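Below is one structure, written out as structure tokens, with a few remarks after it.
Convention: sequence-line order gives letters A, B, ...; per-chain numbering from 1. Since we're looking at a predicted model, the values are computed, not measured.
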Amino acid sequence: MTEGLPGPLTDAPTPSPTGDRPAAAGTRQAFLPSEVDPTVFDEAFLRQLERLLLLMRAPVRGGLKGGRRSVKRGQSVEFADYRDYTLGDDLRQLDWNVYARLERLFVKLFVEEEDVTVTLLVDASASMAAGSPSKLLFAKRAAAALGYIGLASEDRVAVTALAGRTARRRNSLRGSGRVFRLLADLSAITPADGRTDLLVAARHAAAQLHGRGVVILLSDLLDPSADRVVRELAATGSELIVMHILSPDELDPVLEGDLRLVDSETGEGIDVTVDLSTIDAYKARLAAWKAGFADLAAKRGASYVDLSSDVNLADLMFAELRRRRVLG
Amino acid sequence: MPFITPLALAGLVFVPAVIAMYMLKLRRDQAVVPSTLLWSRLLTDVEANAPWQRLRRSPLLLLQLLLVIALVLLAARPFLERPAGLARDIVLVMDTSASMAATDVAPNRLAAARAAAIDALGDLPTGGRVSVIAVDRSARIVVNDTSDLSRVRQALDELQPAASRGDLGDALELASKLAARSGDAQILIATDAALATVPTTKVDAPIKVLPVGRERKNQAIVALAVRTSPSAVTRSVFISVANLDIESAQRRIEVWGDDRLLEARDLALDAQAKSDVVIDDVPADVAVVEVRLVGRDPAAEGAADQLAIDDRAWAVLPPTQTRLVLLVGEGDPYLETALSYLPNVELYGVAPADYGPASQRTDGRPWDLTIFESNLPSTLPTTPILAIAPPRTSALGVVTGTLKDPGIGSLSPDEPVLRYVDLSTTHISQAQQLTTPDWARTVIPGPKGAPLLYTGVRAGLPTAVLAFEPRRSDLPLQVAFPILLSNLTGELLGGSAAPTDAVAPGTPVNLTIPSGATGVTVTRPDGTTLDLVASAAGGASVSYVATGLPGIYTVTPIRPAGASPNPSASGGRSPDPTPLASARPSGSAGAPAVPIDPDAPVRFAVDLFDVGESNIAPGSVAAIEGLGAAPDPSGSPGNGAPTDRPTTRDELWLPIVLLVLVGLCVEWALYHRDAVVRMRRSLVARFGRQPGGTT
């Protein structure tokens, strides 16, 4: 599928072995459009992504013909079942061999292959801008990777940014040739100023979904209503994948002493005396918090992947998501 | 619980101060986090049980309160009272004799005695007073009647074992007088009781002995002498070594001459026996002989015995020096012959008419002795003088007439000039009638108080006057004559400026100041020096008492600036007086006699040579305690009234200090507990996991 990559490749810089970042960060590659953030992807990583497909847990009903198994019976080469002939059926679908043996008309049914819509919900709240590396940057790169896999699988891919109280949905894209549009859409996502109500924004995004498909939420879930967000997105009928992204500083805080912690979104502060026991309690609370999301996702039939923003993206795509049966 | 300084309890006001500091709001640093969602949930957990949780989770506050209270208690000095084990007034006698340097108890007996004394003084009653007497060759008070135990400890720490024997009797007399000042006194004696002579002094106060020492392994050099052989060619070293142990011992004797090893000899010493060693053929140029008693195996570690101070001894070999004697007279063959046979004497003669400035020596050396035979010059020389039958009154004495057949009076047996001199058959036909001057002592008394021989120091110059000419008596025909002349010239010439025999440690030494010198400088064996100046102008000798250190002492004259030890004669020079004879000492070692250098250093040796002190076997404690008053049957430690039994206080500072230290350690651990836990976790992570196994 590499032939799907548009643009000249000869002048592209040599990719890094990991494919995580361009060899020279910040230098624009020749094939990238101007609106694409060059720090998101390089050519080598795109080539690796082509070999992956989103592994769907169950066939879904889609719209146009695609490369994905549908619940409908259609025109593919994969045999599914027989049924009695009724008037009006396409005579080309009759199984004459069975008729010769049984003298009854049966119509052969084949598995229909359709496309699905992969919706990438990127949390653009102010808290996502924190961390080193930035959680939003990691989310955009992961979304780009997943979106490109969707495009390469002849699925529709739509990017939606959750910021403030709204969800801004970009036009859905189809075909691997639209990858740079996808990258441009992701590059346009910037952290929101002020507080983000993730639940309201998610409801807005859910209202914009067309039919059932795959919804991938990339968020730090640092919102008091994050569990309701998961519940309501799972209730849309789409397959929900929650990618819970936290920075290393949040997973293992390096704070110590008597501090006033200021919330980056609300500006509110709390006084905390941080010592090892406090850190241990924080970690226990964090583990319980993440376990709660994992349980909730499992109950709602969703996939839950907790990530650190310093995870190597190639490892995430080629190992972690395959291990968790998100990619196949 | 009683307190010595209860006012210090006011420091408890710091307790609420510490609590107040914990209640003060902290000034916190700001840290921006992505979200306080998880932190606020955590804080909610903490604050849910805030009062109790905070108390339970603030061990630092509890520890600091505990530390404040402990420090206040420490300042208040709590104590427990109990009956004292000692009297109110303690006279502590510390034995610092040579045997206290024995190392059978580490590091030595004196240190053990010091520790025992300090421990015993823990039973001193409240307000009790202590006097400390150090006793070696004599007793001396080092601390007098103080209640400051730190001062006592300091004085005890400064005590060092001496190199002399201990005179415990002297100390008991002194202690008895100190104890008599108080009605409730007790004498503590810290000693090994290894006494050469057990004292017999009875004291009125009870005596308690703090014994130290338990062994007696010691061998000692108890005698050392260097003698010239009868052949007058060689010199021999005589050494006596005593084994004071109850077991035989193997030792080695090393004889060093001027820091050169002359000979080493192995000795097998029987128990409780002496062994004499003679080392012959000591080189003639050796000035100082040192004898060392060492172990048979030099490579063996540790001391060969338990007392080292008696394992070394020194002896000084006096140099053979010539003395210049000028005889002014018409010539008495008896006198000249006797003088010529004196050892180390060069005799010169000059007629009375020729005596004067011209009779000074051309080499600048002064005469060591001038003898005037029946004549006197108008001006007496500034040299030692022996005047024989002075014809007239002079500074040497008043001549009142002539005595015919004077009889010899009663002679003093202690007179050194008359040592070995028998004058019982001496007859004198004629003598000058003299009166003994104030500066002189009568050596040979004559009739009616008129001396026949007197001697003394006149204006700093040894001077003697013999009232009769020897030829006018039968004395020259008797053996007493050369002996008398030898003794007399020996006194006038002064001999050596230092004692020739070994000096016992601590014994005062009379040092002669050479003519023209203002004093002497004494260099001790450890290299320290001390300048001794004559007490009065023209003083001929000084007394030196700091002889406590065994070894060689060197005495050097101090000359005034610009002064020459050999003042040149004024006026014209004449040929030297005729040498009458040149004699060598009959017992000389054959070495050529050298002229006396007035500035040449003079040495003397200080040696222990005390079998009683070298015997370090601990003695009888009961014998010493028996010298004191009987203990009071009522249990009172001193000689005071039994109803007034003193008490002592035990301050409880040690457990409080330990509590404070433990508290500080715990506080430190709590304060740094995060670091400690992190370190433990890293160690567990590094070493706790076995390869392929579990933690």
Side-chain angles (χ1 to χ4, degrees), chain A residues 123 125-132 134-136 191 195-196 198 219-226 245-247 249-251 253-290 292 309, chain B residues 18-64 666-686 688 695:
Chain A
D123 181 1
S125 62
S127 66
M128 287 291 285
S132 177
S134 162
K135 292 182 288 185
L136 183 59
R195 192 172 184 277
T196 291
L198 192 61
S219 170
D220 56 10
L221 300 179
L222 289 173
D223 189 284
S225 304
I245 302 168
L246 293 173
S247 68
D249 293 343
E250 290 167 324
L251 294 171
V254 291
L255 303 173
E256 188 171 10
D258 299 311
L259 300 173
R260 180 171 181 79
L261 303 180
V262 179
D263 192 303
S264 61
E265 285 191 26
T266 65
E268 297 172 354
I270 58 171
D271 294 338
V272 178
T273 297
V274 183
D275 57 10
L276 197 61
S277 61
T278 311
I279 296 294
D280 287 344
Y282 171 87
K283 289 180 178 176
R285 170 64 59 186
L286 177 66
W289 184 60
K290 288 163 63 175
S309 64
Chain B
V18 171
I19 297 175
M21 280 189 279
Y22 270 79
M23 295 174 69
L24 289 175
K25 188 158 185 162
L26 288 174
R27 185 173 180 273
R28 297 171 181 270
D29 295 330
Q30 282 199 349
V32 177
V33 294
S35 173
T36 56
L37 177 68
L38 293 176
W39 293 105
S40 60
R41 290 185 180 181
L42 185 70
L43 199 63
T44 304
D45 288 347
V46 173
E47 288 179 344
N49 301 314
W52 293 106
Q53 196 80 352
R54 178 161 297 177
L55 282 179
R56 189 160 53 86
R57 282 178 173 261
S58 296
L60 282 177
L61 170 63
L62 297 177
L63 272 176
Q64 287 167 5
V666 173
E667 185 185 17
W668 182 91
L670 282 174
Y671 189 77
H672 295 284
R673 62 184 182 277
D674 288 0
V676 173
V677 172
R678 286 194 183 100
M679 184 172 65
R680 185 176 61 81
R681 289 178 181 176
S682 68
L683 289 176
V684 169
R686 176 174 295 183
T695 55

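Within the 4.5 angstrom heavy-atom criterion, only side-chain atoms of A:Glu256, from C-beta onward, approach chain B. In this structure, chain B has no heavy atom under 4.5 Å from any part of A:Leu246.
One N or O on the side chain of A:Ser219 and one on the backbone of A:Leu221 form a donor-acceptor pair closer than 3.5 Å.
A pairwise comparison of heavy atoms in A:Ser134 and A:Ser309 identifies O-CB, 4.3 Å as the closest pair. Taking each heavy atom of A:Leu198 and A:Asp223 in turn, the nearest pair found is N-OD2, 3.3 Å.
Atom CG in B:Leu37 sits 8.5 Å away from atom CG in A:Asp263 (nearest 0.5 Å). For the atom pair A:Thr273 OG1 and A:Leu255 CG, the distance stands at 12.0 Å (nearest 0.5 Å).
Note on A:Leu286, A:Ile279, A:Asp275: by heavy-atom pairs under 4.5 Å with chain B, the leading option is A:Asp275. The most heavy-atom pairs under 4.5 Å with chain B, out of A:Glu268, A:Glu250, A:Lys135, come from A:Glu250. Ranked by heavy-atom pairs under 4.5 Å with chain B, the list A:Ala281, A:Ser247, A:Ala129, A:Gly131 is led by A:Ala281.
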